[in-house]
Structures are given as C-alpha cells and as structure tokens.
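Below: one structure, written as structure tokens.
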Amino acid sequence: MERVSTGSQTVTLFVLLGFHDVPELHLLLLSVLTAVYASTITGNTFIVVVVLNSHRLHMPMYFFLANLSVMEILYASTAIPKMLEGFLQEAAISVAGCLVQFFIFGSLATDECFLLAVMAYDRYLAICQPLRYPFLMGPRWYLGLMLTAWLSGFMVDGLIVVLMSQVMFCGPNHIDRFYCDFSPLMLGLACSDTGVAQMTTFTLSVVFITVPFGLVLVTYSRNGVVLRVPSGASRTKAFSTCSSHLVVVSTFYASLRALYIAPSAIHSQLLPKVFALLYTVVTLIFNPVVYTLRNQEVLQALRRLLCCKPIEV
Ligand SMILES: *[C@@H]1O[C@H](CO)[C@@H](O)[C@H](O)[C@H]1NC(C)=O
C-alpha cells in the first residue's frame with residue numbers, strides 16, 4: 001500500500017499538550033475550569049427546566065435561550081473534561097476521537113454563531129417592529145430558524161471533518177492546544193496536502209462567522225438607534241442589556257475569527273490558546289448571566305418554580 005508520507009509511520013494517537021508551557025498556571029486553570037464546568041451544567045440545566053416548565057416563557061425568545069443552553073451544555077461537555085484530564089496526565093486521544101471532538105465542538109460553535117445572530121434578529125423585530133412581531137416571528141419561522149441553527153453547524157463542520165479525515169499524519173503527534181482544533185492539525189501536523197481543507201474552512205468560516213456577526217452588529221445598532229430616544233428607565237435598561245449582549249457576542253465572534261479565518265497571522269504559541277479559552281470559557285460564563293440573570297421574566301419564573309407554586313397555565 002502506497003503512503004504519501006515523509007517516511008515514518010502513520011500516527012494513530014495524538015497528545016494534547018494544553019497549557020504545558022505555563023505549569024505555574026495549572027492549579028489556577030484547573031480550579032477555574034472545574035468551576036466553570038460545574039456552573040455551566042447547573043446554570044444551563046436550570047434555564048432549560050425553567051423555560052420548559054413555565055408557560056409564560058413559551059415564546060420564541062425563551063425557546064432560543066433554552067436551545068442555546070442545550071448547546072452550551074453539550075459544548076462544554078465536549079471540550080472541558082478533556083482539558084481537565086490534560087492537567088492531571090498527558091491527554092492522549094485517538095486520531096478518530098480527535099476528529100470527532102473537533103466535529104462536535106466545531107459544529108456547536110457554528111450553531112451558536114447562527115443562534116446568537118437569530119436571537120439578535122429576534123430582539124430587533126421585537127423592539128423595532130413590535131406590531132408585526134407576532135407575524136414575523138410566528139411558529140413556522142422560529143421553528144425553521146431553530147432547525148437551521150442546529151443543522152447548519154453540523155453540516156458545515158461535517159464537510160470540514162470529511163476533508164480533514166483524508167489528510168495523512170505521520171508524526172510528530174503533539175497538539176499544542178487543549179482540544180483538537182483545525183489549525184494545529186492542518187497547519188502543523190499534516191504530512192499530505194491540506195490546501196483544499198484550508199480553502200474550504202476559510203470560505204465557510206467567512207460565511208458562517210462574519211455574516212452572522214455582521215447581522216448582530218447591524219441589528220443591535222438599529223436597536224440602539226431606537227433605544228437611544230430618552231424615555232425612562234426601561235429603555236436605559238434595554239440599552240444596557242443590548243450592549244452587554246454585544247460585548248459577549250463580540251468576544252465570541254472575534255476569537256473564532258482570529259482562530260479560523262486568520263490562523264497563520266497569529267505567531268505566538270500562547271495566543272491561540274488564550275483565544276480558545278476566551279470563546280469556550282468566557283462565553284460559557286457570560287451567556288447565562290447576560291441573557292438570563294438580568295432577565296426579570298426568567299428570574300420570576302425561576303422563583304415560582306423554586307417555591308413549588310403550581311405551574312401557571
Ligand atoms: C428549542 O426550540 C424549539 C423551537 O424553537 C422548542 O420547541 C424547544 O422546546 C426548544 N428546546 C428547549 C430545550 O427549550
């Protein structure tokens with residue numbers, strides 16, 4: 001059997017190096033990540049339970065929110081346990097396992113890009129077109145958008161992973177990240193041609209990261225224009241909500257952009273890991289806080305649920 005390799009045999013296992021170059025941070029990162037993981041799981045489970053059990057929250061906005069929570073639970077569970085393992089021992093992962101991890105993780109990140117844009121659009125319709133909102137965001141629309149959000153990520157990343165699985169790895173097998181990611185595999189470790197995979201990923205990232213982010217910026221800036229009209233505290237509050245959404249969403253998109261659209265522009269060893277931490281951890285912490293804890297409706301529903309009052313119809 002002919003192999004397009006540089007001589008040595010094909011790699012079957014990868015080793016994730018994680019933050020091996022900063023051992024003094026291990027204890028800190030280990031505790032922070034454990035706390036983030038625990039709170040992500042409990043916080044988001046709470047959100048899903050509250051939304052599903054409160055009829056008052058059966059509205060597109062809260063369906064989107066609960067779906068975002070499901071995505072975050074899956075997303076955290078794909079990445080964080082392997083990261084934690086890396087602090088305790090060398091985290092080895094099979095080549096297939098590595099591609100599966102990237103597939104699930106990448107798909108969910110792409111899903112989130114889409115869903116965050118949908119959520120911004122939903123708020124835009126509710127604020128700027130309040131009268132037409134019930135028609136513009138009827139069941140057919142929000143179900144369709146939700147389905148598209150889930151499917152788009154898995155289709156886009158499915159295609160990328162199929163291309164990645166054609167690539168040969170003939171060693172070394174150390175991945176200088178804390179999870180399996182596109183650029184260290186394709187730019188660093190591959191020993192066959194990765195041009196097609198790189199071109200495809202670049203194009204898809206531009207479409208699926210930049211376009212949703214552009215939509216988010218446009219919708220929030222239009223909300224901003226409407227909300228700037230000074231009329232009382234509720235507008236100020238709505239404005240501050242929108243701007244905090246914007247900060248979280250920008251961190252998420254900007255770090256994804258840096259990692260997938262211009263990976264070769266980053267020359268530092270540490271910076272990609274910091275970006276990766278940003279878009280995993282920071283969004284995991286801030287999404288529930290920003291979208292939920294500052295939302296009176298959700299808090300009230302949570303209170304009703306915890307006080308064991310009969311669930312309202
Ligand atoms: C996700 O969204 C769909 C439709 O938008 C909704 O029916 C479903 O209940 C949501 N999932 C959760 C866990 O809330």
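We count ligands from 1, going down the list as the structure has it; atoms in each ligand are counted the same way.
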Open item on the list: I want to confirm something. Looking only at heavy atoms, which of Asn44, Val70, Leu57, Ile47 is nearest to atom 13 (C) of ligand 1?
Closed with: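 Comparing heavy atoms across Asn44, Val70, Leu57, Ile47, the nearest one to atom 13 (C) of ligand 1 lies in Val70.
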Task: Path from Phe169 to Leu13 over hydrophobic side-chain contacts below 4.5 Å - done: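 Looking at the clustering, Leu13 is in a separate group from Phe169.
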Open item on the list: Are Trp150 and Leu215 connected into the same hydrophobic cluster when the rule is that any two of I, L, V, M, F, W, Y join if their side-chain heavy atoms are below 4.5 Å apart?
Closed with: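 No: no chain of side-chain contacts under 4.5 Å links Leu215 to Trp150.
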- [ ] Identify the protein heavy atom lying closest to atom 5 (O) of ligand 1, giving its residue, its atom name and the separation to 0.1 Å.
- [x]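 Minimum-distance protein heavy atom for atom 5 (O) of ligand 1 reads Tyr142 CD1, 3.2 Å.
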- [ ] Tell me which protein heavy atom sits closest to atom 6 (C) of ligand 1, plus the residue, atom name and distance to 0.1 Å.
- [x]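 Its nearest protein heavy-atom neighbour is Phe63 CD2, 3.8 Å.
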State the atoms of ligand 1, each with its element, that fall below the 4.0 Å cut-off from a heavy-atom position in [X].
X	result
Asn67	1 (C), 2 (O), 3 (C), 8 (C), 10 (C), 11 (N), 12 (C)
Leu143	4 (C), 5 (O)
Ala66	12 (C), 14 (O)

Under 3.5 Å, is there a donor-acceptor pair between the [X] and [Y] side chains?
X	Y	answer
Asp157	Ser107	no
Ser77	Tyr37	yes
Tyr75	Asp111	no

- [ ] Select one of side chain, backbone, both or neither to describe which atoms of Val51 lie under 4.0 Å from any atom of ligand 1, heavy atoms only.
- [x]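 Within the 4.0 Å criterion, Val51 makes no contact with ligand 1.
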Open item on the list: Taking the side chain as everything from C-beta on, heavy atoms only, tell me whether Tyr179 gets closer than 4.5 Å to Lys82.
Closed with: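 No, every pair of side-chain atoms sits at 4.5 Å or beyond.
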